[in-house]
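Structure record follows, encoded as structure tokens.
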Amino acid sequence: MSEQVSAQTTSAEGEHRARPETIRAVPVRHPGRWVAAAVIAVLLAMLVHNLATNTRWQGWIINQYLFTSQVLHGLLATLWLTVIAMVIGVFGGVILAVMRLSENPVVSASAWVYIWFFRGTPVLVQLIFWYNVAALFPTISIGVPFGPAFHTWSTTTLVTTFAASILGLGLNEAAYMSEIVRAGILSVDEGQSEAASALGMRRLLIMRRIVLPQAMRVIIPPTGNETISMLKTTSLVSVIASFDLLVSVQRIYNANYKVIPLLVVASIWYLVVTSVLTVGQYYVERHYARGSMRGLPPTPPQKFREFFVRHIGITHAAPVIPERDTGGAGS
Amino acid sequence: MTTVPTPEDGAAPEASGAGAAPAEDPRAGMATATTVPVTPMVEALEVHKSYGRVEVLKGITLKVMPGEVMCLIGPSGSGKSTFLRCINHLEKINAGRLSVDGALVGYRERGDRLHELREREVAGQRTEIGMVFQRFNLFPHMTALENITEAPIRVKREPKDAARAHARELLEKVGLGDRAGAYPNQLSGGQQQRVAIARALAMQPKLMLFDEPTSALDPELVGDVLAVMRQLADDGMTMIVVTHEMGFAREVGDAVVFMDGGVVVESGDPREVLTDPRHERTRSFLSKVL
Ligand SMILES: Nc1ncnc2c1ncn2[C@@H]1O[C@H](COP(=O)(O)OP(=O)(O)O)[C@@H](O)[C@H]1O
Ligand SMILES: [Mg+2]
């Protein structure tokens, strides 16, 4: 009892006391990590050594072809296809998702049918369909339905191989993205739309300003997956066109028979792009995490600094987690 | 059904309460003889609401005059939240009449037929009715300030600077002038609820609805929120407050309505209803919460 009383007096009069010393504990040792790091380092060294010395890898060929214009053109085409198809996919996906959640039965049913069709048939078939669409519809016109046309184009000039590739990949992707977006929208608490409605906001405004920004946290990780997957799916356009990365290297190895080295060249580029996308995704996720955690997790550079502070004792490094707000939580 | 005398000046509930006649005589309390008939802020006539086959509101009739604070009490599931949500048309009523400041909620009367209002018109009606929720429902991806300025900027098209200045004033008013940049999850429940009140006030509503605003709060945080609401009542805001805080109902309320099973069981002056209820159901409810 008397101890408690004295504890209370301390806290009441404690203002004059010196603040206790900041804890400088010895961090927990993780010997397992060092062992694992050593094993992996040895394996990596073996791999590099093999790549450098094993003539069957024909490493010099890899170097030689990595930056040839044929390969770079293929890479560029692949990047364009991925970007445009994903843009169509994301925007189409958002529109389809909002349509599916619409109260209008005609609207939601059309979205359902679209998704059903485009998810239910192979992309390859869709690509070939768009490539051959001119056979089905030789001309495309704008005008009054069943009435006069204002303008008519020949389908072959409109739907080039590039356009057919974009249509095939993008429209298919929209169907998948719409389900991802819908899951994101449904993950947002209903109280959010309710509070926004009570403020006089209208449905589309609520979707744009309140629901979608919160849904992004759920939408982004699978969208990153889809983008990386799309990067490689673009190689399917080789059935109708001959400009993507994989086709470029195929054309080279068909001529010189260096199959493995050229496939390695293509894979290196796919890996490079995937890595860039992964880093990009990380920062987009951080952006949409604002307000959702009391402090944002540190970025890799910040973690790196923290590691050095902890293990090597550099103490002048900047604080690891930036303060975003002056007051403490729930002051 | 009973109505309650209107204090012309919301700042003096005590005086009006003292002069008020028994609740059966609605007009007797209108002390100012010269006033033209005042349009009730909220008028419900035989309001019915069902979810599927289940009837949740079974004919609610009540009246709230401008400047009045009405406290709605009753056991859980009695339809209090549902009634509140009908007032700003978050729910559609199935029968009866419900009007705010003389205008039907969600409908227009043409001839003898009711026409549903368009989404834009319903939204317009809602801008004049503020609502505060039990679970705050702040927008977590926006700071306190952004939560408050969002609707004035996007809905009322107020200039950003003016909206921000007004928002800062409101934050000051609810005692959170220094927390403008905080995200909701950096705030305590009581602070969040006060931001939510400021957010509703930013639209300059003529009516405020509170649905158990302090029920989700730790006991020591309830006082701050009630103080803000009391201040609002003193400033003359018309309020309907669903609450279990009987002290607040007694001191701030001009009228208290006890609901049970989708009907109004008893209503009148808080001091009478809360201390000497006439109905057995009211009595047994009060004995549980007091
Ligand atoms: N969306 C809904 N669908 C079906 N029943 C509902 C719905 N909302 C509320 N109810 C029912 O209506 C009744 C009244 O609910 P509510 O108005 O929330 O009561 P209170 O706020 O007084 O506790 C409850 O029985 C509840 O189960
Ligand atoms: Mg309720």
Side-chain angles (χ1 to χ4, degrees), chain A residues 98-99 101-104 107 184-220 283-297 321-331, chain B residues 84-85 87-91 118-144 146-148 150-156 176 178-192 196 199-200 202-203 205 209 211 218 221:
Chain A
V98 173
M99 283 172 70
L101 296 169
S102 161
E103 282 167 20
N104 182 332
V107 170
I185 291 173
L186 292 178
S187 76
V188 178
D189 179 24
E190 255 181 302
Q192 293 289 306
S193 325
E194 217 157 71
S197 310
L199 287 165
M201 294 173 76
R202 293 167 62 182
R203 251 196 310 262
L204 285 180
L205 184 63
I206 294 172
M207 191 53 82
R208 188 161 62 80
R209 295 284 306 171
I210 308 297
V211 176
L212 280 179
Q214 295 182 56
M216 282 311 225
R217 302 198 51 222
V218 174
I219 293 173
I220 287 165
Y283 283 95
V284 174
E285 272 178 32
R286 261 178 74 85
H287 172 77
Y288 282 105
R290 71 190 189 281
S292 63
M293 280 171 269
R294 292 197 172 215
L296 288 172
I321 298 170
E323 284 270 343
R324 288 181 310 158
D325 193 75
T326 41
S331 61
Chain B
L84 223 52
R85 293 158 55 82
I87 296 176
N88 64 1
H89 210 54
L90 287 175
E91 304 287 352
R118 296 170 177 286
E119 195 207 354
R120 179 165 47 81
E121 296 166 312
V122 173
Q125 286 189 331
R126 287 190 186 130
T127 60
E128 311 201 302
I129 305 172
M131 187 156 189
V132 175
F133 300 85
Q134 183 175 353
R135 289 180 54 245
F136 331 134
N137 295 350
L138 288 180
F139 308 133
H141 58 304
M142 297 182 181
T143 62
E146 290 165 346
N147 263 279
I148 300 173
E150 179 67 12
I153 291 173
R154 304 275 160 183
V155 178
K156 279 191 155 178
L176 292 170
D178 55 337
R179 307 292 283 148
Y183 284 93
N185 69 4
Q186 297 169 324
L187 299 170
S188 73
Q191 292 173 327
Q192 288 189 54
R199 177 175 71 175
M203 296 298 279
L209 309 174
D211 192 356
D218 292 337
L221 303 175

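So that the names make sense, note that chain A is the first sequence line, chain B the second, and so on, each numbered from 1. Remember, predicted model here, so these are calculated numbers, not experimental data.
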The interface call for B/Glu128 against chain A, heavy-atom contacts under 4.5 Å, is neither
CZ (A/Arg209) and CE (B/Met142) are apart, to the nearest 0.5 Å, by 4.5 Å
Honestly, the part of B/Leu209 sitting under 4.5 Å from a heavy atom of chain A is neither
In short, B/Arg126 meets A/Ser197 closest at the heavy-atom pair CD-O, 3.0 Å
Turns out that what part of B/Leu90 lies under 4.5 Å from chain A's heavy atoms comes down to side chain
Honestly, the part of A/Ile210 sitting under 4.5 Å from a heavy atom of chain B is both
Chain A shares the most heavy-atom pairs under 4.5 Å, among B/Arg154, B/Met203, B/Lys156, with B/Arg154
Side chains of B/Pro140 and A/Gln192: does their closest heavy-atom pair fall under 4.5 Å? yes
Minimal heavy-atom distance between B/Ala200 and A/Leu199, with the atoms involved, is CA-CD2, 4.3 Å
Whatever's closer than 4.5 Å to a heavy atom in chain A on B/Phe139 counts as both
All heavy atoms of A/Gly191 vs all of B/Asn137, minimum pair found to be O-ND2, 3.2 Å
If one checks every heavy atom of B/Arg135 against chain A at 4.5 Å, the contacting part turns out to be side chain
Taking every heavy atom of B/Asn88 against every heavy atom of A/Ala198, the minimum-distance pair comes out as ND2-CB, 3.9 Å
Taking every heavy atom of A/Gly200 against every heavy atom of B/Thr127, the minimum-distance pair comes out as CA-CG2, 3.8 Å
Bottom line for B/Arg85: the part with an atom under 4.5 Å from chain A's heavy atoms is side chain
Just wondering, do B/His141 and A/Met216 contact through their side chains at under 4.5 Å, heavy atoms?
no
